[in-house]
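Contents: one structure, followed by commentary.
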Protein chains: 2
Amino acid sequence: MSEIARLTNVSQPTVSRVLNGNTKVAPEIRERVLACARAHDYQFNALAKGLQGSKTRLLGVLVTDISNGFFADLAKQIEVAARENGYSIILFNSDYNPKNEQEYLDVVRRYRVDGVLAVPIRETSPQWRDYVKKLDVPVVTITRRAHGLDSFYVDHAQAGAMVADHLIDRGYRRFLFIGKDYDGKYVGFRRQLTDRGFGDAATNRVLRSHDQLGQELRDWFFSDTARAAIFAGNDIYALQVLDILRELGISVPRQAGVIGFDDTFMGRFLNPRLSSVSQPTASMAREAVEWLLDRIEHPGPREAQNRPFPAELVIREST
Amino acid sequence: MSEIARLTNVSQPTVSRVLNGNTKVAPEIRERVLACARAHDYQFNALAKGLQGSKTRLLGVLVTDISNGFFADLAKQIEVAARENGYSIILFNSDYNPKNEQEYLDVVRRYRVDGVLAVPIRETSPQWRDYVKKLDVPVVTITRRAHGLDSFYVDHAQAGAMVADHLIDRGYRRFLFIGKDYDGKYVGFRRQLTDRGFGDAATNRVLRSHDQLGQELRDWFFSDTARAAIFAGNDIYALQVLDILRELGISVPRQAGVIGFDDTFMGRFLNPRLSSVSQPTASMAREAVEWLLDRIEHPGPREAQNRPFPAELVIREST
DNA sequence: TTGAAAGCGCTAACAA
DNA sequence: TTGTTAGCGCTTTCAA
């Protein structure tokens, strides 16, 4: 700016005024400065700008696993929405590790980002919530609900219940969930199964996804003859389950039903095409970003926004 | 820092010296300052720090499509490697749009990132290369070779030739490539087909992936009875092709062979399991990041690094 | 080994 | 409408 000021015979603050365009400047000077800036391909220094007030036009985005198509897509939508509003994102991957998540919140403070969008790992932990609230930037939670924080999410428990209904209606009589037993979707799934009379421990199991999954799945499947359905905590698990079942010669959906979660892109092309639960990623991302920007641009205490989105059952060939 | 200086009765620069740890400070003061910083959960201001020299400890990462599992994985690896070295990444998605790419290079300058890792769209364009070279930060190209710039990539032409050999050896006699005809892998693929006597236009076609793909694929397939193979420019196209073939009742690999590119995670679980070309993502990312950091930490002109990595043919059930 | 002072590139308050 | 001045939070001289 000083350089441009020198070249155009005005003061440096005047250059600033022209380039930011929010103050009145004589048209003649204005043109001269703009021309000079263009000629020298001037780019403002975002650091110097940010050093002043809090406006870095940087958003921190924290996801749990970017290599999962669902989150990759989410990150993409967030980035697009942010860019449309002149913000850039600094991205972090927690890998479901609270240590990384904590580390990231420090990075975020270092760069004085204007706001944070996070897929939390410990959204139910009061310590985490308190820590986040002490941060002096607005934090918005996406895809998961964190009480007391702005949250944009689909209700996993309700989605789980929808899955239960669907599977029961399709005639499946015993159920396996692949994932963690404290996962909201399992909680809702199990509750609904119980309500409809399928709450037996015998007909209702949880398996974590790991190397032994094939063996365990096989044992579970052949331990009973009732028609079996598998609810995978995400589409990636579902993909693996389909492969295992094929290996075992179990036909889907006849002998076993399989349903995933997130409705990632590949699902509609799998063989058999995968039933799944779809989340409105695009609108979630957009609304969350807009809400966050609104909080950034109009600071001050405000009641926590709680915005649930409807999940949608996408029924294809696997159930 | 001033606050800590006040509380510990030393000067602010001394606090800086303690916290950065590269200058000698009396152990007693040192302890006092560190204790105080910890107590107040001090986080340095990366903006103020970056305003000084060029060290923002920020890396710009530009990919073409983060929702493609291959690039998502690449971004993840880059982020991990960067973080291990104390750098954070600011991520951008070009969506294969040169306008976005250009815009991003401006953002990168605004934030004074220390270096850039890019998956370029126009790596063969001299204008792009010149523009990048004028940037005063080191730029490293990943997954694609850009002459005159540091490049970490697999040789697509050579990989394409490997695919050609493989398909011919499997007994396929006519070939379809899904992607763009100027794609390096197609260039190498076609050259090798020609060298081995399968250069006929009649047996060798290119199709762009789009809505009409199903119809076009069908026309192509039934236009001849020779055994057909389809080389998809990436695994996502391959996934779609498999689905179309299944729809048409064409059995893979018997009536048609299908091979993808990138060997993304899902490939090994598809039905049939997808043959593909695997790139050493992890080592490419790691080496590229390390090279970039080396260039950042030891500036000065240097000969452009040209680092090809070997691609590997992963043969599964689809060919 | 420590402190005082200057300055990185901007914005904002104030004066002209 | 424009210029002058101060200051954001650090690092980096230069003295002491």
Side-chain angles (χ1 to χ4, degrees), chain A residues 1-34 36-37 40-58 86 106-114 136-137 296-297 299, chain B residues 1-34 36-37 40-58 86 106-114 136-137 296-297 299:
Chain A
M1 280 191 178
S2 307
E3 178 70 2
I4 295 179
R6 203 175 51 74
L7 293 168
T8 53
N9 284 317
V10 295
S11 72
Q12 172 267 315
T14 295
V15 175
S16 168
R17 289 188 267 255
V18 171
L19 263 23
N20 287 297
N22 31 28
T23 324
K24 288 247 164 299
V25 175
E28 185 254 333
I29 294 190
R30 202 185 131 69
E31 285 317 312
R32 194 150 32 106
V33 168
L34 282 177
C36 183
H40 292 260
D41 195 16
Y42 170 80
Q43 277 295 330
F44 67 83
N45 184 328
L47 304 177
K49 213 164 186 166
L51 193 53
Q52 209 65 227
S54 79
K55 295 245 133 317
T56 52
R57 298 222 146 226
L58 218 44
D106 289 343
V107 171
V108 143
R109 292 198 313 162
R110 281 210 270 283
Y111 286 100
R112 304 298 193 263
V113 301
D114 291 338
D136 49 358
V137 291
I296 290 170
E297 274 145 34
Chain B
M1 279 191 179
S2 305
E3 178 70 2
I4 294 178
R6 204 174 52 72
L7 293 168
T8 54
N9 283 315
V10 295
S11 73
Q12 174 266 317
T14 295
V15 175
S16 167
R17 288 188 266 256
V18 171
L19 264 21
N20 286 298
N22 31 27
T23 324
K24 288 249 164 298
V25 175
E28 185 254 334
I29 294 189
R30 201 186 132 68
E31 286 315 313
R32 195 148 34 103
V33 169
L34 283 177
C36 184
H40 292 259
D41 195 17
Y42 171 80
Q43 277 293 331
F44 67 83
N45 184 328
L47 304 178
K49 212 166 186 163
L51 194 53
Q52 210 65 227
S54 81
K55 293 246 137 312
T56 52
R57 296 219 147 230
L58 218 43
D106 290 343
V107 172
V108 142
R109 291 198 314 163
R110 281 210 270 284
Y111 287 101
R112 303 300 194 263
V113 301
D114 291 338
D136 49 358
V137 290
I296 290 169
E297 273 143 36

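Labels below follow one simple rule: chain letters A, B, ... track the order of the sequence lines, proteins then strands, and each chain is numbered from 1. Just so you know, these numbers come straight off a predicted model, no measurement behind them.
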Next on the checklist: Using the rule given for side-chain contact (heavy atoms from CB on, under 4.5 Å), can you reason through B:I296 versus B:K55, listing the C-alpha separation, both sets of side-chain angles and the distance that settles it, and then say yes or no?
Outcome noted: CA-CA 9 Å; B:I296 290 169; B:K55 293 246 137 312; 3.2 Å; yes
Item to check | Verdict with reasoning, B:E3 to B:L7, per side-chain contact (heavy atoms from CB on, under 4.5 Å) | outcome: CA-CA 6 Å; B:E3 178 70 2; B:L7 293 168; 4.2 Å; yes
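Nearest heavy atoms, B:A5 versus B:S11: CB-C, 3.7 Å. For the residue pair B:T56 and B:G50, the shortest heavy atom distance occurs at CG2-CA, 4.0 Å. Shown here for B:Q43 and A:R112, the closest heavy-atom pair between the two residues is O-NH2, 3.8 Å.
Within the 4.0 Å cut-off from OP1 or OP2 of D:dT1, not a single side-chain nitrogen or oxygen of A:K24 is found. Proximity of B:K49 to the phosphate of D:dT11: a side-chain N or O atom is located under 4.0 Å from OP1 or OP2. Look at B:Y42 and you'll find a side-chain N or O under 4.0 angstrom from OP1 or OP2 of D:dC10.
B:T8 has its side chain out of reach of B:I29: every pair of non-hydrogen atoms, C-beta onward, lies at least 4.5 Å apart. Using a 4.5 Å heavy-atom cutoff, the side chains of A:V10 and A:R17 are not in contact. Using a 4.5 Å heavy-atom cutoff, the side chains of A:Y42 and A:I4 are in contact.
Distance, A:E31 CD to D:dT1 C1': 16 Å, rounded to whole Å. The distance between atom CE of A:M1 and atom C1' of C:dG7, rounded to the nearest whole Å, is 17 Å. The CZ-P distance, from B:R110 to C:dC10, rounds to 12 Å in whole Å. Rounded to a whole Å, the CD atom of B:Q43 is 11 Å from the P atom of D:dC10. In this structure, the CG atom of A:N45 is 13 Å from the C1' atom of D:dC8, given to the nearest Å. The distance between atom CZ of B:R57 and atom C1' of D:dC10, rounded to the nearest whole Å, is 16 Å. In this entry the distance linking CG of A:L47 with C1' of C:dG9 reads 9 Å, nearest Å. The separation between B:L51 atom CG and D:dG9 atom C1' is 9 Å, rounded to whole Å.
Open room surrounds CZ on A:R30; 12 or fewer heavy atoms of other groups in view lie less than 6.0 Å from it.
Candidate nucleotides D:dT2, D:dG9, C:dC10 were compared by shortest atom distance to the side chain of A:V25, and D:dT2 ranks first. Taking the side chain of A:Q52 as heavy atoms from C-beta on, and the options C:dG9, D:dC10, D:dT1, the nearest nucleotide is C:dG9.
Listed by residue number, A:P13, A:T14, A:R17 are the residues of residues 12-20 of chain A with a heavy-atom contact under 4.0 Å to DNA chain D. Of the residues in residues 2-9 of chain A, not one comes within less than 4.0 Å of DNA chain D through any heavy atom.
If you check every strand for non-hydrogen atoms under 4.0 Å, B:I29 touches sugar and phosphate atoms only.
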